There are 2 protein chains.
Amino acid sequence: MKKSRIDAAWTGKAECGRCGIRDLVLFADLAEPDFNLIHLPIEERELDVESVLYSAGQDGSALFTVRTGLVKLVQYLPEGTLRIVRLLGPGATAGLEALLGQPYEHSAVVLQRALVCRIPRQVVERLSTETPRLHGQLMQRWHGALKQADDWLTGLSTGKTSQRLARLLLHVMDQDGNAPLFSREDLGAMLGVTTVHASRTVAEFKRNGVLREPKSGRCICDRARLECIATAEC
Amino acid sequence: MKKSRIDAAWTGKAECGRCGIRDLVLFADLAEPDFNLIHLPIEERELDVESVLYSAGQDGSALFTVRTGLVKLVQYLPEGTLRIVRLLGPGATAGLEALLGQPYEHSAVVLQRALVCRIPRQVVERLSTETPRLHGQLMQRWHGALKQADDWLTGLSTGKTSQRLARLLLHVMDQDGNAPLFSREDLGAMLGVTTVHASRTVAEFKRNGVLREPKSGRCICDRARLECIATAEC
DNA sequence: CGACAGTTTGAGAAAGTTCAAACTAGGTGG
DNA sequence: CCACCTAGTTTGAACTTTCTCAAACTGTCG
């Protein structure tokens with residue numbers, strides 16, 4: 001178990017108009033005049049690993065845009081077990097359910113040091129009634145989240161653990177085969193297996209040369225091997 | 001393997017204004033004049049078990065509203081294995097991704113004889129630009145789908161098969177403990193286990209008196225027992 | 001040098017898979 | 001009406017995967 005903590009108040013006003021990744025984010029399609037409709041501060045913050053954006057059950061007062069880093073969405077079962085249901089990278093939006101006046105479904109926790117913008121619910125509501133441009137983006141976000149959820153289910157909860165791990169790595173890997181290697185506990189929560197078994201599977205991958213971990217927390221993978229493990233061809 | 005078939009053209013024009021379950025469906029919030037914006041026929045059809053509403057990969061020309069019965073969304077993995085990712089009951093909407101001009105993500109197949117309305121994409125697009133009333137409902141639909149997807153993952157892909165089956169039954173059961181009992185193949189695809197093992201688990205439930213199957217395809221369950229199995233208390 | 005949290009490893013038990021065979025229950029055609 | 005298909009289900013037995021619990025190991029921090 002890791003310690004969790006609620007972060008202090010957010011600081012630093014963001015300037016959406018000149019956001020570096022503007023074409024990636026929720027406000028991608030907004031025009032100049034639209035920004036004048038924003039009357040509440042959008043705050044930007046750099047968050048350490050294990051910081052909590054929001055917790056399941058809190059009522060949703062804001063949406064969040066991930067600008068850099070990685071955020072995990074954690075869902076708890078009544079019995080206490082937990083699963084990581086999604087990973088959010090740069091450009092992704094967390095807490096969409098806030099728009100419906102619902103409490104947050106998950107807890108959102110930083111997995112890799114992240115730069116995150118906090119957008120008050122009212123800002124999006126206001127923009128949403130004033131400009132239709134936002135609707136398309138909102139739909140895209142919902143759709144993207146749903147697609148990831150479905151892929152997560154079929155990809156990371158189906159088949160043997162080695163297949164699941166291979167699919168996860170293929171998913172988070174860049175062109176050079178470089179990927180973050182999460183803690184064994186997080187891996188277990190993503191793949192739906194125990195921490196110990198996640199550890200064993202990583203160890204097996206290392207033994208077979210499918211994966212190397214030069215610095216702790218990152219790894220270099222053999223894409224071809226992973227692809228063939230993922231499909232159970234080998 | 002079951003036979004699948006594509007259905008012939010849809011017939012019968014629906015009259016949304018006097019839909020029997022109007023407050024449940026996508027058009028719940030529409031006002032009288034809004035209906036005049038509908039210039040393409042919305043077709044209603046009764047579909048047999050195994051009928052296909054649409055197949056994964058087809059480009060999405062329409063959305064579907066389930067009025068009665070039950071529809072499953074099936075997703076295929078590259079290797080050929082499949083998982084049922086969601087169940088849609090009365091009031092639910094299938095094929096929302098059509099609104100984004102995307103091909104369908106899943107195949108939608110009738111699980112229990114169903115009455116379904118087919119709404120051409122253009123109708124929703126038109127309404128969506130003309131009346132803001134639809135937006136709320138669309139958001140609700142996306143949110144509902146996403147929530148079900150997440151619950152499906154944490155509930156039906158986590159823990160032992162007996163827990164998963166118990167959670168599924170609790171989910172589809174009515175007040176009296178009456179629930180549909182799906183084919184063992186479908187059960188396997190929902191719980192992420194083999195057909196054989198789904199069968200064994202059902203058999204075990206019957207032996208322990210947790211569940212009776214008076215007529216094939218439906219069952220009566222002991223809610224209390226299911227709840228305690230679901231949480232691994234027993 | 002501990003202390004501590006996370007990881008790895010071992011070994012036995014439990015859960016799930018595989019393959020094959022036996023067993024339904026509903027049609028269909030003679 | 002019955003014999004015979006067929007598709008789906010159930011069961012058995014050997015095997016593989018995963019879990020559990022416990023112990024050993026690793027690296028970081030005061």
Side-chain angles (χ1 to χ4, degrees), chain A residues 1-5 48-50 77 79-83 109 111 156-167 180-208 211-219 229-230 232 234, chain B residues 1-5 48-50 79-83 109 111 156-168 180-208 211-219 229-230 232 234:
Chain A
M1 282 296 112
K2 292 166 185 172
K3 63 178 181 303
S4 81
R5 73 187 153 87
D48 265 342
V49 170
E50 292 298 302
L77 279 161
E79 343 144 22
T81 52
L82 59 80
R83 292 264 339 232
V109 181
L111 204 55
L156 305 188
S157 290
T158 308
K160 309 199 190 309
T161 305
S162 54
Q163 297 180 268
R164 302 184 191 188
L165 178 57
R167 295 193 197 108
L181 224 196
F182 309 114
S183 82
R184 306 306 177 254
E185 194 175 352
D186 281 337
L187 276 178
M190 294 182 209
L191 306 180
V193 300
T194 54
T195 307
V196 204
H197 194 235
S199 170
R200 282 188 216 275
T201 311
V202 171
E204 189 196 319
F205 276 24
K206 284 182 187 168
R207 263 197 306 282
N208 300 344
L211 166 167
R212 282 172 299 134
E213 192 177 12
K215 53 182 110 293
S216 156
R218 296 208 62 84
C219 67
I229 292 173
C234 61
Chain B
M1 283 296 109
K2 291 165 183 171
K3 62 178 182 300
S4 81
R5 74 186 153 85
D48 265 342
V49 170
E50 292 297 302
E79 342 142 25
T81 51
L82 60 79
R83 292 256 349 226
V109 181
L111 204 55
L156 304 188
S157 290
T158 308
K160 312 201 188 306
T161 306
S162 55
Q163 295 179 268
R164 302 184 192 189
L165 177 57
R167 296 194 197 108
L168 175 61
L181 224 196
F182 309 115
S183 81
R184 305 307 175 256
E185 194 174 354
D186 281 338
L187 276 179
M190 293 182 208
L191 307 180
V193 300
T194 53
T195 307
V196 201
H197 194 236
S199 170
R200 283 187 215 276
T201 311
V202 171
E204 187 197 321
F205 276 24
K206 283 183 186 168
R207 264 197 306 281
N208 300 345
L211 164 167
R212 281 172 300 134
E213 192 177 11
K215 55 181 109 296
S216 156
R218 295 209 62 83
C219 68
I229 292 173
C234 61

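None of the values given here were measured: they were computed from a predicted structure. Just so it is clear: chains get the letters A, B, ... in the order the sequence lines come, proteins before strands, and each one is counted from 1.
Spacing between atom CG of B:Asp186 and atom P of D:dA7 amounts to 17 Å, rounded to whole angstrom units. Regarding B:Arg207, its CZ atom lies at a distance of 14 Å from the C1' atom of D:dT9, rounded to whole Å. Between the CZ atom of A:Phe205 and the C1' atom of C:dT7 there is a distance of 18 Å, rounded to whole Å. Following rounding to the nearest Å, B:Lys206 (NZ) and D:dT10 (P) show an atom-to-atom distance of 5 Å. Spacing between atom CG of B:Leu211 and atom P of D:dT10 amounts to 11 Å, rounded to whole angstrom units. Atom P of nucleotide D:dT9 and atom CG of B:Leu181 are separated by 10 Å, given to the nearest angstrom.
Contacts of residues 159-166 of chain B with DNA chain C (heavy atom under 4.0 Å): B:Lys160, B:Thr161. If you check residues 188-201 of chain A against DNA chain D, the residues with a heavy atom closer than 4.0 Å are A:Val193, A:Thr194, A:Val196, A:His197, A:Arg200, listed by number.
Not counting sequence neighbours, the partners of B:Arg212 by the side chain to side chain contact (heavy atoms under 4.5 Å, CB included) test are B:Ile220. Qualifying side chain to side chain contact (heavy atoms under 4.5 Å, CB included) partners for B:Glu79, counting only residues two or more places apart in sequence or in other chains: A:Gln163, A:Arg167, A:Thr231, B:Leu77, B:Thr81. Judged as a side chain to side chain donor-acceptor pair (under 3.5 Å), and not counting sequence neighbours, the contacts of B:Ser157 are B:Arg83.
In this structure, the side chain of B:Arg184 does not engage the main chain of B:Val196 through any donor-acceptor pair within 3.5 Å.
The heavy-atom pair separating A:Ile229 from A:Ser162 by the smallest distance is CG2-O, 3.6 Å. The nearest pair of heavy atoms linking B:Arg164 to B:Leu191 is NH1-O, 2.5 Å. In terms of heavy-atom proximity, A:Gly188 sits nearest to A:Ala198 at N-CB, 3.9 Å. Here the shortest heavy-atom pairing between A:Ala230 and A:Ala166 reads N-CB, 3.9 Å.
Applying the side chain to side chain donor-acceptor pair (under 3.5 Å) definition to pairs two or more places apart or across chains, those involving residues 196-206 of chain B are B:Thr161-B:His197, B:Lys206-B:Glu213.
Note that CG of B:Leu168 and CG of B:Leu181 are 9.0 Å apart. Values are rounded to the nearest 0.5 Å.
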Sort me out a list of protein N/O and nucleotides 22-25 of chain C N/O pairs below 3.5 Å, or just none if empty.
none

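Using a 4.5 Å cut-off on side-chain heavy atoms (C-beta onward), A:Val193 and A:Leu187 make no contact.
Comparing B:Ser216 and A:Glu213 by the nucleotide of DNA chain C whose heavy atom lies nearest to each, the residue mapping closer to the 5' end is A:Glu213.
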Reading nucleotides 25-30 of chain D 5' to 3', which nucleotides get B (base under 4.0 Å from a protein heavy atom), which S (sugar-phosphate only), which -?
------
